[in-house]
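Take a look at the structure below.
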Amino acid sequence: QMFRNQPVALTEKTQMPYEATINFYKMAITVTDANAKKGSGKHLELRANCIIGLAVMNASIGNYKDAIAMYEDAIKIQKAIYQTLDNKESGVALGNSMSTLATLYTLYKDPVKAQESLEDSIFTLKEHENEDPVRSGVLLARNYMNLAGTMVANKADKEDIDDAYEKATKKISMVNAIAKNAAVADEITCYMLSGQFYVMVGDTAKGEPQLQHALDLVNPILEAQPDNQQMKVLKTRIEMLLRGEASEKTEA
């Protein structure tokens, strides 16, 4: 789940639908409560999903504090499910929630908690990575990239930041090698952000090849799809970085 840096402001037109959705999730949580207490796996999962839905609604308007508390409640349920089932699907669900919680902590200006949540997510996703290397690889690459960003915010050792960026780029490159560019946009973003970091800390010898690799991936896509707006934006950004014209921080 992705959230905007700027929360959505409710208007007279959107207030009622927002409140209706909030009430729906609250009612659903109440309804699933009794069955969930009996330990039914399906009802536990449904309860967790309803809590997540309510958390997303709160996060969408910038109520990150309550959204974080709700995600933490949902993760407790998902951990119980995972400990019981110990399968790929429950692991991916738990890992995804931990990753989203990290995003909320970042928006809440708590990079320490964000880093902890990303590390937990990575640990969980790696448990079943071999069962679905493409799907898990994409999720892990995104986590490693975001982990590097939180490490920068937390003023971690450069060696640890380097390690996270290296794991992100290697992981996503491996995914695209075995899945015929199934996640090429992720690879472009990983190389762009890692290259940006190195250029901005003065290591152009390492950063510029990363940026060039990203550009080399963008160009053939734009040749085949000249109206691809996502690739146009990425190309513009990468070229600005290569020219040394972009100084602001970009996040995944």
Kindly compute the distance separating [atom1] ([X]) from [atom2] ([Y]), expressed to the nearest 0.5 Å.
{"X": "Asp120", "Y": "Asn143", "atom1": "CG", "atom2": "CG", "value": "10.5 Å"}
{"X": "Lys88", "Y": "Asp132", "atom1": "NZ", "atom2": "CG", "value": "4.5 Å"}
{"X": "Leu217", "Y": "Leu234", "atom1": "CG", "atom2": "CG", "value": "10.5 Å"}
{"X": "Asp163", "Y": "Tyr144", "atom1": "CG", "atom2": "OH", "value": "8.0 Å"}
{"X": "Leu85", "Y": "Leu94", "atom1": "CG", "atom2": "CG", "value": "11.5 Å"}
{"X": "Ser99", "Y": "Ile122", "atom1": "OG", "atom2": "CD1", "value": "8.5 Å"}

Would you say the side-chain atoms of Gln212 and Asp216 include a donor-acceptor pair closer than 3.5 Å? yes
Step-by-step salt bridge (charged side-chain N to carboxylate O under 4.0 Å, His left out) determination, Arg135 to Glu89: CA-CA 11 Å; Arg135 183 183 179 191; Glu89 290 307 317; 3.3 Å; yes
In terms of heavy-atom contacts, does [atom1] of [X] have more than 12 from other residues, nucleotides or ligands at under 6.0 Å?
{"X": "Lys113", "atom1": "NZ", "value": "no"}
{"X": "Lys158", "atom1": "NZ", "value": "yes"}
{"X": "Lys79", "atom1": "NZ", "value": "no"}
{"X": "Lys232", "atom1": "NZ", "value": "yes"}

Just so I know, are the side chains of [X] and [Y] near enough to count as touching, which here means a heavy-atom distance under 4.5 Å?
{"X": "Gln225", "Y": "Met231", "answer": "no"}
{"X": "Glu129", "Y": "Lys126", "answer": "yes"}
{"X": "Ile221", "Y": "Ile188", "answer": "yes"}

Test your reading of the model: is there a side-chain donor-acceptor pair from [X] to the backbone of [Y], 3.5 Å cut-off?
{"X": "Ser194", "Y": "Tyr191", "value": "yes"}
{"X": "Asn154", "Y": "Pro111", "value": "yes"}
{"X": "Thr32", "Y": "Ile29", "value": "yes"}
{"X": "Asp157", "Y": "Asp160", "value": "no"}
{"X": "Tyr18", "Y": "Met57", "value": "yes"}

How are the rings of His128 and Tyr82 set to each other: parallel, tilted or perpendicular (split at 30° and 60°)? perpendicular
Worked verdict on Phe197 versus Asp162 for side chain to side chain contact (heavy atoms under 4.5 Å, CB included): CA-CA 10 Å; Phe197 168 75; Asp162 287 345; 4.3 Å; yes
Name the residue from Ile51, Ile52, Asn49 that meets the side-chain contact (heavy atoms from CB on, under 4.5 Å) definition with Ser97. Ile52
How far apart are the C-alpha atoms of Lys76 and Glu72, what are their side-chain angles, what is the distance that settles it, and do they pass the salt bridge (charged side-chain N to carboxylate O under 4.0 Å, His left out) test? CA-CA 6 Å; Lys76 287 177 184 176; Glu72 288 177 337; over 6 Å; no
